[in-house]
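Notes to accompany the following structure.
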Amino acid sequence: MMNYLTVNKEELCSKHILLTFLKNKKDTILPLIIVFCLPVLLYLQTLSFGFTYADDNDIIINNITFLSNFRNAPQAFLKDAFLEKGIHLYRPMQTLSYMADIRLSGGNNTWMYHLTNILLLGLIACLLFLLFRKFLVPLKLALLSTLVYCVHPLFTSSIAWIPARGDLLLTFFSLLSFLFFIEHLQKKKVIYLFLHWLTFTLALFCKETAVALPLLFIIYYFTFSSEKRFEKKYILNIVLYAVSGLCWFWLRSIAIGNFSIQNEVKLIPLISNIQTIPESLVMFFLPFNIKQIPSFSLFKTLIGLGIIIMIVVLFFINKERSKKEKIFCLCWFLFLLLPTLLYKTEYIDYLSHRFFIPLIGLLLFILFILPKKWFEKENYKGSWLMIAVLIILSSVTFVKSRSYSDPMTYYNLAIWQSPDNALMYNNRGYVKFNMNDFQEAINDYTKAIELNPNFSLAYNNRGLAYSSIGDLESAIKEFDKAITLNPNSALAYINRGNIYCNEGNNEMGIKYYNKAIGLNANDAGAYCNRGLAFKAKGMLKEAEQDFKMYEKLKNN
């Protein structure tokens, strides 16, 4: 009898704890459901979208054999982001997420890639809301501002464009790490320190932008922590950051070498990209005519400089929060934007999805300076204003996301918005080529060359199109021109070798394949083609070795 009563008491106690927890958390649970569901519902239409052939073909389609084999998961940390040669990016967590998508959906299904992006957005919205509450942002204001941020049309590409997965993962793990860091400081529990370090490490393997996070953690500590001075016990945090950083740097060096340090990350890109700062502010505060592929505009830069002046004025005259707290917000924006400014992409000034995590700092700055009385229970003026903004932004985003539905829709709009961008014509030509519309592909490649006479890739692609319609003489001229403009173009050498082999000159074909392999020893196609040329010449031993190398590279 006593055992029975004891069990009942334990059950009652458990129920009481659960009810108390739910009662205490009712102001959090419902907002979390709202901030998760609304952005997810807004982007559900993307489930029917396909690939855009804007990097997703290089990252996923061309590497589907590797990505489909989950045994290759450890190799994700030893490879680059699968972009074209000459672009050296390290995104192992992104690669793993694509492998998981393929595994879960049973194949190369675009709906699964889009679903993962949508769910990540919903989870990010929840974490962002919780972070705002940790910064003592009023409940109603935290709810509405989170929704406004997550439906903002500036970030449409972050969700609707599959290759933006790296920025979504970066934001997810960075926010999670920040929340665990705050919990660790408040509750002094080791488990929160471990989770903080683990999620920071995962963020680091999402994108190099995460290298700035430890600086933000330190600034947060001296700004918001009650201790206000460095304690010896926090040396462990520094050591953990260093361990993660060294492991990341070591594995990254194996995957891509020191290219981005030696060749890409320099002061010149930073100077040329500095306009990105004012222009990002313009698109955030005035989200109209946001282009697929933005380009620098003197008009937008001047407006952005005006916004910067306003921010400086508000920084000094607004008394809602301390200057230290507002400095932290601006450091968030600048520190997480800076790494993206150290890299310059040819033909593209900047990309909107890179603003997804930095602009959280700017939003936090705005929340810190808004008068609290606007969002008190008896005052609905501020709430109704934000609801109106939310509806307008959601409508714009709903329409804008449709431009990512298929390659032709994507590139037609991109060219309409940026008619002087040679890369967009080249890429649309590639799409038309794959649709066997060779003459239209030639027209787009020709337009790209008119805009940029030194565009080696466009000459190479036009050569392929000429070859496909049987105009081998024109094709040879195009490949030779591509090689002249870019002697390191392995692709152009392969295509030129193909022409020789098709004409029966296997010896010259092998010569060009040798050059291509010398430039890119990991190109499986070059080994396959050279193997066929060796076989045609009766050099069976050499052909067998090349075919083995082809199979090895293809499966890895």
Side-chain angles (χ1 to χ4, degrees), residues 52-59 61-62 81-89 163 259 263-264 268-269 272-273 291-296 343-351 407-408 410-435 437-469 471-499 512 515-516 519-520 523 525-526:
T52 59
Y53 279 72
D55 289 347
D56 46 23
N57 56 311
D58 288 324
I59 296 172
I61 299 173
N62 296 344
F82 298 121
L83 286 168
E84 63 184 75
K85 300 305 172 184
I87 298 178
H88 309 285
L89 301 177
F259 292 108
N263 302 328
E264 293 163 8
I268 293 176
S272 63
N273 286 332
K291 297 180 179 180
Q292 307 273 84
I293 307 296
S295 55
F296 290 134
Y343 180 83
K344 185 66 177 176
T345 304
E346 194 175 8
Y347 306 113
I348 296 175
D349 289 334
Y350 57 92
L351 294 168
M408 287 305 295
Y410 177 85
Y411 283 114
N412 285 341
L413 180 59
I415 288 172
W416 180 75
Q417 292 174 333
S418 306
D420 296 329
N421 192 306
L423 181 64
M424 295 301 100
Y425 282 101
N426 175 77
N427 289 4
R428 190 175 69 175
Y430 176 80
V431 173
K432 290 177 178 178
F433 178 87
N434 286 325
M435 296 168 63
D437 192 353
F438 302 122
Q439 189 55 56
E440 282 299 311
I442 289 172
N443 293 340
D444 272 348
Y445 294 139
T446 300
K447 182 64 177 178
I449 291 168
E450 288 175 2
L451 291 169
N452 182 3
N454 297 318
F455 199 169
S456 172
L457 183 60
Y459 283 104
N460 175 80
N461 291 344
R462 191 166 67 173
L464 285 172
Y466 278 130
S467 178
S468 298
I469 62 175
D471 188 351
L472 297 183
E473 184 178 348
S474 295
I476 290 171
K477 291 179 180 178
E478 298 298 305
F479 295 140
D480 287 343
K481 182 67 174 179
I483 291 170
T484 300
L485 290 171
N486 182 11
N488 295 319
S489 175
L491 192 59
Y493 281 104
I494 292 173
N495 292 328
R496 187 66 181 90
N498 291 343
I499 295 288
Y512 275 85
K515 183 66 175 177
L519 291 168
N520 180 14
D523 194 313

Which heavy atom of [X] sits nearest a heavy atom of [Y], and at what distance?
{"X": "A441", "Y": "F433", "value": "CB-N, 3.8 Å"}
{"X": "A475", "Y": "G463", "value": "CB-O, 3.3 Å"}
{"X": "F438", "Y": "A465", "value": "O-CB, 4.2 Å"}
{"X": "N426", "Y": "A448", "value": "N-CB, 3.9 Å"}
{"X": "K291", "Y": "S295", "value": "NZ-OG, 3.8 Å"}
{"X": "D523", "Y": "G525", "value": "OD1-N, 3.0 Å"}

Going by heavy atoms in the side chains, are [X] and [Y] under 4.5 Å from each other?
{"X": "M435", "Y": "M408", "answer": "yes"}
{"X": "Y410", "Y": "V431", "answer": "no"}
{"X": "Y459", "Y": "N486", "answer": "no"}

Whether Q292 side chain and Q417 backbone form a donor-acceptor pair below 3.5 Å: no
Run the ring pair (Phe, Tyr, Trp, His ring centres under 6.0 Å) test on Y425 and Y445 for me, step by step, so that the C-alpha distance in whole Å, both residues' side-chain angles and the decisive distance to 0.1 Å come before the verdict. CA-CA 6 Å; Y425 282 101; Y445 294 139; over 10 Å; no
Could you state the interatomic distance from [atom1] ([X]) to [atom2] ([Y]), rounded to the nearest 0.5 Å?
{"X": "D444", "Y": "Q439", "atom1": "CG", "atom2": "CD", "value": "11.0 Å"}
{"X": "K447", "Y": "N443", "atom1": "NZ", "atom2": "CG", "value": "11.5 Å"}
{"X": "N461", "Y": "F479", "atom1": "CG", "atom2": "CZ", "value": "9.0 Å"}
{"X": "I61", "Y": "D58", "atom1": "CD1", "atom2": "CG", "value": "9.0 Å"}
{"X": "N454", "Y": "I449", "atom1": "CG", "atom2": "CD1", "value": "10.5 Å"}
{"X": "T484", "Y": "K477", "atom1": "OG1", "atom2": "NZ", "value": "13.5 Å"}

Given R428 and E440, is the side chain to side chain contact (heavy atoms under 4.5 Å, CB included) satisfied, shown in steps? CA-CA 10 Å; R428 190 175 69 175; E440 282 299 311; over 6 Å; no
Please determine which of N427, D349, L351, I415 meets the side chain to side chain contact (heavy atoms under 4.5 Å, CB included) test together with I293. L351
If the test is side chain to side chain contact (heavy atoms under 4.5 Å, CB included), which one of L519, N498, N460 qualifies with Y493? L519
Using the test ring pair (Phe, Tyr, Trp, His ring centres under 6.0 Å), find all partners of Y347 that sit at least two apart in sequence or belong to another chain. F455
The test is side chain to side chain contact (heavy atoms under 4.5 Å, CB included); show your working for N57 and N434 and say whether it passes. CA-CA 12 Å; N57 56 311; N434 286 325; over 6 Å; no
Can you confirm whether the side chains of D56 and T52 place a donor and an acceptor under 3.5 Å from each other? yes
